[in-house]
Number of protein chains: 4
Amino acid sequence: MSVRKQARTQGGRPRDSRVDEAIASAVRELLTEVGYTRLTMAEVAARAGVGKAAIYRRHATKQEMIFDVLLPDKFLAVAPDRGSLRADLAAVIAEIADTMASPPGGTVPGLLADVHADPALRDRFVERYLGFQRQTLAEILDRATARGELAVRPDPAALNALLVGPVFAWLFLLRESPEQLPTLTSALLDAALALTGAALPAPSR
Amino acid sequence: MSVRKQARTQGGRPRDSRVDEAIASAVRELLTEVGYTRLTMAEVAARAGVGKAAIYRRHATKQEMIFDVLLPDKFLAVAPDRGSLRADLAAVIAEIADTMASPPGGTVPGLLADVHADPALRDRFVERYLGFQRQTLAEILDRATARGELAVRPDPAALNALLVGPVFAWLFLLRESPEQLPTLTSALLDAALALTGAALPAPSR
Amino acid sequence: MSVRKQARTQGGRPRDSRVDEAIASAVRELLTEVGYTRLTMAEVAARAGVGKAAIYRRHATKQEMIFDVLLPDKFLAVAPDRGSLRADLAAVIAEIADTMASPPGGTVPGLLADVHADPALRDRFVERYLGFQRQTLAEILDRATARGELAVRPDPAALNALLVGPVFAWLFLLRESPEQLPTLTSALLDAALALTGAALPAPSR
Amino acid sequence: MSVRKQARTQGGRPRDSRVDEAIASAVRELLTEVGYTRLTMAEVAARAGVGKAAIYRRHATKQEMIFDVLLPDKFLAVAPDRGSLRADLAAVIAEIADTMASPPGGTVPGLLADVHADPALRDRFVERYLGFQRQTLAEILDRATARGELAVRPDPAALNALLVGPVFAWLFLLRESPEQLPTLTSALLDAALALTGAALPAPSR
DNA sequence: ATCTAAGCGAGACGGTACGTCTTGTCTTAGG
DNA sequence: CCTAAGACAAGACGTACCGTCTCGCTTAGAT
């Protein structure tokens with residue numbers, strides 16, 4: 001998935017998948033050790049035991065390299081029916097929170113800044129991250145509608161912002177502890193459900 | 001506020017305030033024209049008709065310069081009582097949204113990334129942005145408590161994340177239009193109030 | 001002659017002589033088109049419709065490849081007795097001049113620089129160029145001695161330098177026109193004969 | 001003389017001449033230690049204790065840098081009358097021989113190859129080396145004519161080639177010892193004078 | 001009316017990363 | 001074992017930018 005220029009059909013020596021892995025490992029190590037800004041291509045190459053050309057054959061720029069390495073290929077690819085809108089949304093929030101909290105240090109903010117600076121990276125981001133997220137939320141809303149759980153169908157983008165935004169803010173604006181994310185996401189879930197006009201968990205109060 | 005190193009006592013030629021203005025204007029122009037990443041100090045100096053030394057006499061780094069230029073000194077400094085929790089929160093959300101939507105292009109994400117990379121900038125950010133925000137929210141919650149509007153007093157950090165996060169996500173993650181922010185913030189207000197356990201405008205109760 | 005590593009005995013597919021020709025042609029074309037320095041192995045391979053391995057199977061380095069392609073195998077190999085010292089020397093000068101003037105552009109200076117940088121190429125150069133030249137000159141001097149044409153037997157190396165040097169200088173230091181080489185070589189012949197103490201065609205004696 | 005882009009008129013920090021010297025020294029050291037081909041800009045900068053930008057501010061390319069450092073500014077600039085054609089030519093040959101024999105290793109061949117590859121360098125070479133040489137020879141021939149030493153006025157270019165060529169060939173084609181250059185140049189002088197149709201040193205024979 | 005300390009524009013400085021390029025070797029699949 | 005295609009490790013190149021420093025000059029307030 002992270003291949004930039006696929007070999008036409010055949011011919012020539014094939015890409016060595018161990019190189020891909022070595023690059024990915026080196027990137028992850030260096031992000032942890034020195035952070036997003038101080039990571040250099042020369043050091044990635046040296047750490048991976050690989051030439052710089054091998055990296056640039058796979059990734060057009062340093063930013064795309066980090067993006068490709070960090071974004072899991074299967075991000076939100078499946079959204080199995082968990083039986084209720086609340087359970088479906090809880091699963092989505094959990095995966096979003098996990099994806100954001102996992103990368104080391106200032107990686108996510110750094111990447112986001114680069115997404116805004118580089119149109120190519122933006123396209124990649126829309127295609128591989130936003131698209132899946134949007135699609136998954138749409139499916140969940142469809143299912144909730146079918147179940148009759150929704151009084152009103154909320155704007156998907158607003159729901160998306162409501163779910164993903166507070167998690168991002170908690171981690172990267174307020175710099176609060178990731179350990180307490182579950183507390184946040186639980187409150188978040190209540191707020192989101194309130195928005196849907198769905199039955200509030202009033203009985204429990 | 002943006003002065004880095006104040007003249008000890010006196011003596012010597014005083015700072016020329018037209019230089020400050022020229023720098024600020026040049027920064028704003030260049031952020032609009034080329035974006036956060038491609039803005040260079042040499043170009044700021046040239047555009048402002050100023051030497052680089054004059055810039056560094058005022059701002060320690062490029063990041064602090066942009067931060068100083070963009071962040072209004074009076075951000076959230078006052079939070080007058082608007083009579084109800086809803087009105088108070090609405091005012092806060094509006095100011096947050098305005099602060100985020102105003103700077104050109106990818107400035108906010110770029111700045112956020114640098115805040116995560118540079119401890120000095122982080123301190124500045126906490127002191128000049130987060131602190132005011134936190135304090136304002138605390139005041140608002142105090143007033144609401146005094147008014148008896150709060151069934152439960154929510155965690156201030158969680159409330160903060162809930163308010164600021166979706167706005168950030170709307171603008172910088174989903175890259176949705178700033179024109180439709182009011183729609184988002186209105187829904188956001190409902191969600192936040194739901195969290196406070198305040199009376200919802202829901203007919204279902 | 002240009003084969004680097006001869007197939008041990010036999011077995012396997014034999015070398016394809018059309019590959020040799022294609023490489024030689026591509027090298028000559030590219031030397032003309034882009035010059036010695038900008039000629040790359042990848043481009044030679046592409047132009048020849050050949051893999052890089054096929055080139056390296058025949059020539060150890062880029063420099064040896066060019067050397068092998070350009071230096072005629074039979075350079076100065078024969079020096080038939082032309083009847084007089086003057087005629088013999090004239091023939092040698094002519095061949096030297098031809099060898100130097102034929103290759104395109106800056107090939108000869110480029111090759112000379114590499115001869116000084118690479119010991120292996122230097123050996124090749126001594127063996128295939130200098131040696132033949134030295135040996136030929138020695139034969140010519142022997143014959144002239146036998147004919148009684150020499151008042152003094154000049155140092156072979158000095159004579160060599162006197163013959164080859166001005167031609168090289170004319171072409172590659174002064175960058176004068178190759179068309180006027182005959183004028184130079186004719187004067188050169190007189191100067192060389194003067195050195196040998198042979199009878200000058202001077203009416204002044 | 002080696003300045004690439006002269007400061008317009010005034011303003012700004014002036015070039016530091018110690019940087020020029022440090023670069024020149026580093027280049028000379030490295031040419032001796034590792035040779036023309038293996039000299040790298042990064043190592044020159046490191047050795048000189050200088051940033052790469054400081055080098056490129058003065059010299060457009062690596063080749064120009066070496067050329068600028070090695071070619072003495074005053075090369076053949078003066079050709080004082082030494083009383084006779086023979087003495088004048090002897091002085092010229094000596095200076096040419098010295099200029100060629102001084103630089104380390106394969107520097108001269110390397111530089112010559114680059115002169116043929118790079119038009120900008122070629123112009124520099126013509127202007128700063130060939131031009132002076134040509135002009136000096138013309139002056140010497142003028143003086144000899146005035147003295148009545150010349151039976152025929154030889155082609156300046158041919159004379160130039162005859163003088164400089166054998167020295168070059170001795171050193172860089174035949175790779176003979178520089179110690180024995182005086183023997184060569186003495187014979188060369190005789191040959192050159194023979195060419196001029198001047199009175200040969202016949203009396204001494 | 002000087003003196004003096006600091007500001008000013010301009011631009012050179014050391015350092016460092018980027019992304020490109022080339023060389024000579026190695027690895028496929030196929031003849 | 002040869003072939004074409006092309007990936008591989010290594011490392012130099014020239015560019016760009018940052019934040020500091022140096023030049024000659026200007027501008028005030030203190031003497």
**Request:** Scan B:Ile55 against the nucleic acid and name what it touches under 4.0 Å (heavy atoms): base, sugar-phosphate only, or nothing.
**Result:**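 No contact.
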Measure [atom1]/[X] against [atom2]/[N] and give the value in whole Å, please.
| X | N | atom1 | atom2 | value |
| --- | --- | --- | --- | --- |
| A:Leu39 | E:dA17 | CG | P | 10 Å |
| A:Met65 | E:dA17 | CE | P | 13 Å |
| D:Asp114 | F:dC13 | CG | P | 12 Å |
| D:Tyr56 | E:dC13 | OH | C1' | 17 Å |
| A:Arg38 | F:dC17 | CZ | C1' | 17 Å |
| A:Met41 | F:dC13 | CE | P | 21 Å |
| D:Glu21 | E:dC13 | CD | P | 12 Å |
| B:Ile23 | E:dC8 | CD1 | P | 8 Å |

**Request:** Check whether any side-chain N or O of B:Arg38 sits under 3.5 Å from a backbone N or O of A:Ala117 as a donor-acceptor pair, and report yes or no.
**Result:**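 Side chain of B:Arg38 to backbone of A:Ala117: a pair is present.
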**Message:** Closer than 3.5 angstrom, by distance alone: can the side chain of C:Lys62 be matched with the main-chain N or O of C:Leu39 as a donor-acceptor pair?
**Reply:**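 Answer holds: yes.
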**Item:** Pairing of C:Arg47 and C:Glu33 as salt bridge, 4.0 angstrom limit
**Value:**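 Salt bridge present between C:Arg47 and C:Glu33.
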**Item:** N-O pairing of A:Asp68 and A:Arg128 below 4.0 Å
**Value:**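 The answer is yes: the pair qualifies as a salt bridge.
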**Message:** Quick check: on DNA chain F, is the nucleotide nearest D:Gln63 upstream (toward 5') of the one nearest A:Val19, or the reverse? Name the residue that is more 5'.
**Reply:**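 Upstream on the strand: A:Val19.
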**Prompt:** Which comes earlier along DNA chain F counting from the 5' end, the contact point of A:Val50 or that of C:Gly51, where each point is its nearest nucleotide?
**Reply:**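 Of the two residues, C:Gly51 wins.
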**Request:** Using the side-chain contact (heavy atoms from CB on, under 4.5 Å) rule, pick out the option among D:Val27, D:Leu30, D:Val34 that qualifies with D:Glu43.
**Result:**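 Between D:Glu43 and the candidates, side-chain contact (heavy atoms from CB on, under 4.5 Å) is satisfied uniquely by D:Leu30.
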Are there any protein N/O atoms within less than 3.5 Å of an N/O atom in nucleotides 22-24 of chain F, and if so, which ones and at what distance?
from   : atom 1 : to      : atom 2 : distance (Å)
F:dT22 : O4'    : D:Arg13 : NE     : 3.2

**Prompt:** Within a strict 4.5 Å, meaning less than it, do heavy atoms of the A:Arg122 and A:His116 side chains meet?
**Reply:**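 No. Closest side-chain heavy atoms not under 4.5 Å.
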**Asked** Nearest to the side chain of C:Thr40 - E:dT22, F:dA9, F:dT3?
**Response**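 Comparing E:dT22, F:dA9, F:dT3 against the side chain of C:Thr40, the answer is E:dT22.
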**Asked** If you measure from CD1 on B:Ile23 to CZ on B:Arg58, what distance do you get to the nearest 0.5 Å?
**Response**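 Interatomic distance, B:Ile23 CD1 to B:Arg58 CZ, rounded to 0.5 Å: 5.0 Å.
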**Donor/acceptor link under 3.5 angstrom from B:Lys52 side chain onto base of E:dG11** =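 No.
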Does the side chain of [X] get closer than 4.0 angstrom to OP1 or OP2 of [N] through an N or O atom?
| X | N | answer |
| --- | --- | --- |
| C:Arg58 | F:dT3 | yes |
| B:Arg15 | E:dA6 | no |
| D:Lys62 | F:dC13 | yes |

**Asked** Want to settle it: does D:Asp16 or B:Ala54 sit nearer the 5' end of DNA chain E, counting the closest nucleotide to each?
**Response**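 Mapping each residue to its closest nucleotide by heavy atoms, the 5'-most match is B:Ala54.
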